[in-house]
Asks: 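One structure follows; several queries about it will come next.
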Amino acid sequence: MKKKWISTFTALALAASMIAGCGSGSNDKPAGKVTVYIGFQEDHAVAAVKKFTEDTGIEAEMIRMSAGEILAKVRAEKDNPKADVWYGGPADTFVQAVSEDLLEPYKSPIADKIDAKYKDPDGFWTGVYVGAVGFASNKEFLAKKGLEAPKKWDDLLNPAFKGEVVMADPASSGTAYTALYTVLKVMGSEEKGFEFLKKLHPQVQQYTTSGAAPGRMVGMGEAGVGILFAHDIIKYQEEGFDNLVMTIPEDGTGYETGSIAIIKGSKKQELAQKFVDWALSPAGQELGKTVGSFQNITNSDAVGPEQAVKLDEINTIDYDVSEAGAQRQRLLDKWSAEVKK
């Protein structure tokens with residue numbers, strides 16, 4: 001009787017084990033939660049982690065920061081990473097992270113759908129979206145001062161704009177560093193670019209932490225002109241700030257390649273890879289336009305937002321991501337010492 005009971009128990013245990021095994025096979029996902037540092041706007045960030053979990057069944061959590069803040073945090077946590085993925089922010093910030101050995105290479109199979117100019121050849125980062133630098137001006141301010149919206153970089157030096165320009169701090173914001181690097185290229189040399197930045201400094205009311213914040217400040221009437229990415233200006237316009245006028249510098253503008261990468265030392269590499277795959281997919285890239293993000297997207301199979309700036313219709317500079325990333329810290333140090341001081 002005792003032997004029969006043991007045999008029955010063993011058979012039941014084996015059956016249960018087989019059922020559990022079949023269950024895990026049909027729900028083929030790694031266990032655990034992926035942590036993501038996100039460098040674009042909060043509403044998009046929240047929607048992204050929610051949609052990723054819905055699409056994959058994998059739990060995710062996120063912390064939203066500016067790109068420069070993410071770089072500083074990843075650097076500080078190098079010996080004990082607290083996150084697995086860095087999602088969003090200009091690629092030149094990622095290039096600097098690669099030079100500091102902070103990222104893990106991963107060539108997603110989805111990256112085959114992305115143009116080579118928007119991804120690192122060694123797989124350290126891959127572009128998800130592209131966004132050009134623009135100017136946001138307040139209509140009431142322009143009317144009161146009898147001004148036209150600035151159409152060139154030099155227009156920002158008009159005495160009427162003194163104390164009325166807002167932009168982010170390049171040290172914390174990838175947006176502002178993109179603008180800084182753009183100015184050097186538009187002006188023709190680093191020397192002439194810094195001469196312009198020194199002249200611009202007295203015009204600046206505030207250097208914000210976030211790259212998108214100047215758009216809201218201008219929309220609220222707290223400043224006359226903001227320097228930020230065009231897709232963020234469009235977002236504010238769509239949200240009801242119809243007093244914003246957007247112009248793109250005719251003498252040349254730079255652009256970011258908003259990217260994604262796996263943080264080196266992450267203990268959840270498989271989860272991180274699945275997040276990267278999802279972010280590069282049409283489902284991941286097309287999510288932005290449903291939550292008011294109007295960047296151009298990089299996956300050739302994905303359909304971008306109708307409101308996005310048409311890059312072939314504006315005067316974009318030859319933005320060298322590798323050079324911008326390699327020179328980033330030196331240029332930031334120089335800006336702090338010679339411009340902001």
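FYI, side chains are in, hydrogens and waters are out, and symmetry mates aren't considered; it's all heavy atoms of this structure.
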Asks: Would you give the length of the straight line joining atom CG of Asp169 to atom OH of Tyr207, rounded to the nearest 0.5 angstrom?
Replies: 8.0 Å

Asks: Membership question, hydrophobic clusters at under 4.5 Å side-chain separation (ILVMFWY): are Val34 and Val46 in the same one?
Replies: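 Cluster IDs for Val46 and Val34 match.
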
Asks: Would you check if the distance from the ring center of His231 to the ring center of Tyr236 is below 6.0 Å?
Replies: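 Between His231 and Tyr236, the centre distance exceeds or equals 6.0 Å.
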
Asks: Work out which heavy atom in Ser322 is nearest to a heavy atom in Val95; give both atom names and the distance.
Replies: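 For Ser322 versus Val95, the nearest heavy atoms are O-CG1, 3.9 Å.
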
Asks: Applying salt bridge (Lys or Arg N to Asp or Glu O under 4.0 Å), run through Arg216 and Glu222 and close with a yes or a no.
Replies: CA-CA 9 Å; Arg216 184 172 294 279; Glu222 298 171 2; over 6 Å; no

Asks: Please test Glu286 against Val303 for side chain to side chain contact (heavy atoms under 4.5 Å, CB included), starting from the C-alpha separation and ending with a verdict.
Replies: CA-CA 6 Å; Glu286 291 177 359; Val303 179; 3.8 Å; yes

Asks: Ion pair present between Glu140 and Lys144, side-chain N to carboxylate O less than 4.0 angstrom?
Replies: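 Result for this pair is no, no salt bridge flagged.
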
Asks: Donor-acceptor pair, distance only, cut-off 3.5 Å: does the side chain of Ser259 make one with the backbone of Thr257?
Replies: yes

Asks: Okay, side chain of Trp86, backbone of Gly88: is any donor-acceptor separation there less than 3.5 Å?
Replies: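 It does hold such a pair.
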
Asks: Decide yes or no for Leu311 and Ile314: does some side-chain heavy atom of the first lie under 4.5 Å from some side-chain heavy atom of the second?
Replies: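 Contact flag for Leu311/Ile314 side chains = yes.
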
Asks: Can you find a heavy atom in the side chain of Thr178 that is under 4.5 Å from one in the side chain of Tyr319?
Replies: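 With C-beta onward as the side chain, the pair touches.
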
Asks: Hey, are the side chains of Val276 and Ile262 touching, using non-hydrogen atoms and a 4.5 Å cut-off?
Replies: yes

Asks: Between Glu164 and Gln203, do the side chains contain a donor N or O and an acceptor N or O under 3.5 Å apart?
Replies: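 Distance-only check fails for Gln203 and Glu164.
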
Asks: Give a yes or no answer on whether the side chain of Thr182 reaches the backbone of Gly254 with a donor-acceptor pair at less than 3.5 Å.
Replies: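 Between the backbone of Gly254 and the side chain of Thr182 there is a qualifying donor-acceptor contact (under 3.5 Å).
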
Asks: Any side-chain heavy-atom pair from Leu200 and Leu156 closer than 4.5 angstrom?
Replies: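 Answer yes - side chains close enough.
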
Asks: When you look at Asp154 and Lys199, which way does the salt bridge (Lys or Arg N to Asp or Glu O under 4.0 Å) test go after all the steps?
Replies: CA-CA 10 Å; Asp154 278 337; Lys199 292 176 184 177; over 6 Å; no

Asks: Within this structure, what is the CG-CZ distance for the pair Leu147 and Phe141, rounded to the nearest 0.5 Å?
Replies: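 With rounding to 0.5 Å, CG (Leu147) is 5.5 Å from CZ (Phe141).
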
Asks: About how many Å separate CD of Gln273 and OG of Ser266, when rounded to the nearest 0.5 Å?
Replies: 9.5 Å

Asks: With distance as the sole criterion, is a donor-acceptor pair present between the side chains of Thr175 and Glu256 under 3.5 Å?
Replies: no

Asks: Near Lys198 NZ, under 6.0 Å, is it more than 12 heavy atoms from other residues, nucleotides or ligands?
Replies: yes

Asks: Return the NZ to CG distance between Lys51 and Leu287, rounded to the nearest 0.5 Å.
Replies: 7.0 Å

Asks: Judged by modelled atom types alone, do Asp232 and Gln41 share a side-chain donor-acceptor pair under 3.5 Å?
Replies: yes

Asks: Check Ser66 against Ser173 and note the closest heavy-atom contact, atom names and distance.
Replies: CB-CA, 4.3 Å

Asks: Distance from Glu69 atom CD to Ile63 atom CD1, nearest 0.5 Å?
Replies: 11.5 Å

Asks: Would you find a donor on one side and an acceptor on the other, under 3.5 Å apart, between the side chain of Lys139 and the backbone of Asp242?
Replies: yes

Asks: Nearest heavy-atom pair of Lys152 and Asp251: which atoms, and what distance?
Replies: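 Here Lys152 and Asp251 meet closest at CA-OD1, 3.4 Å.
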
Asks: If you count the non-hydrogen atoms of other residues, nucleotides and ligands that lie under 6.0 Å from CD in Glu54, is the total more than 12?
Replies: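 Yes, because the 6.0 Å sphere around CD of Glu54 holds more than 12 heavy atoms from other groups.
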
Asks: Any carboxylate oxygen within less than 4.0 angstrom of a Lys/Arg side-chain nitrogen, looking at Glu239 and Lys235?
Replies: yes

Asks: Do Tyr37 and Tyr87 have their ring centres less than 6.0 Å from each other?
Replies: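 No, ring centres 6.0 Å or more apart.
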
Asks: Roughly how far, to the nearest 0.5 Å, is the CH2 atom of Trp278 from the OG1 atom of Thr56?
Replies: 8.5 Å

Asks: Are the side chains of Lys73 and Lys82 in touch, meaning some heavy atoms are under 4.5 Å apart?
Replies: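 Counting from C-beta outward, Lys73 and Lys82 never come under 4.5 Å.
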
Asks: So, do Leu228 and Met167 sit near enough that their side-chain heavy atoms are less than 4.5 Å apart?
Replies: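 No. Closest side-chain heavy atoms not under 4.5 Å.
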
Asks: Are any non-hydrogen side-chain atoms of Leu280 and Ile114 less than 4.5 angstrom apart?
Replies: yes

Asks: Got a donor-acceptor contact below 3.5 angstrom from the Asp120 side chain to the Gly123 backbone?
Replies: yes

Asks: At their closest point, which heavy atom of Val130 faces which heavy atom of Gln295, and how far apart are they?
Replies: O-CB, 3.7 Å

Asks: Taking all non-hydrogen atoms of both residues, which atom of Ala230 and which atom of Ile248 are closest, and how far apart?
Replies: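 Looking at all heavy atoms of both residues, the shortest contact is CB-CD1, 3.9 Å.
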
Asks: Which heavy atom in Ala136 sits nearest to a heavy atom in Val218, and how many Å separate them?
Replies: O-CG1, 3.7 Å

Asks: Using 4.0 Å as the upper bound for N to carboxylate O, is an ion pair formed by Asp318 and Lys185?
Replies: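 The answer is no: the pair does not qualify as a salt bridge.
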
Asks: Would you please say whether a donor-acceptor pair under 3.5 Å links the side chains of Asp92 and Gln96?
Replies: no

Asks: Mark yes or no for whether Thr126, through its side chain, and Lys119, through its backbone, hold a donor-acceptor pair below 3.5 Å.
Replies: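 No; zero donor-acceptor contacts below 3.5 Å.
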
Asks: Would you indicate whether Lys334, at its atom NZ, is surrounded by more than 12 heavy atoms from other residues, nucleotides or ligands within a distance under 6.0 Å?
Replies: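 It does: Lys334 NZ has more than 12 such atoms within range.
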
Asks: When Lys264 is tested against each of Asp79, Asp101, Asp84 for salt bridge (Lys or Arg N to Asp or Glu O under 4.0 Å), which residue passes?
Replies: Asp101

Asks: Keeping Gln205 on the side-chain end and Gly163 on the backbone end, is there a donor-acceptor pair under 3.5 Å?
Replies: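 Checking the backbone N and O of Gly163 against the side chain of Gln205, a donor-acceptor pair under 3.5 Å is found.
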
Asks: List the steps, then state whether ring pair (Phe, Tyr, Trp, His ring centres under 6.0 Å) holds for Tyr106 with Trp125.
Replies: CA-CA 8 Å; Tyr106 171 58; Trp125 54 267; over 10 Å; no

Asks: Give the cluster check for Phe52 versus Val291: same hydrophobic cluster or not, with ILVMFWY residues linked at side-chain heavy-atom distances below 4.5 Å.
Replies: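 No; tracing contacts between hydrophobic side chains, which count when under 4.5 Å, never links both residues.
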
Asks: Check whether NZ of the Lys or CZ of the Arg Arg328 lies under 6.0 Å from the centre of the six-membered ring of Tyr177 and within 45 degrees of that ring's axis.
Replies: yes

Asks: Let me know which of Asp301, Asn299, Thr298 forms a side-chain hydrogen bond (donor to acceptor under 3.5 Å, both in side chains) with Gln285.
Replies: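 Going through the options one by one, the only one that passes is Thr298.
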
Asks: Flag yes if more than 12 heavy atoms outside Glu323 fall under 6.0 Å of its CD atom; otherwise flag no.
Replies: yes

Asks: The test is side chain to side chain contact (heavy atoms under 4.5 Å, CB included); show your working for Leu180 and Leu197 and say whether it passes.
Replies: CA-CA 8 Å; Leu180 184 158; Leu197 292 168; 4.0 Å; yes

Asks: Is there a donor-acceptor contact under 3.5 Å from the side chain of Ser293 to the main chain of Lys289?
Replies: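 Checking the backbone N and O of Lys289 against the side chain of Ser293, no donor-acceptor pair under 3.5 Å is found.
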
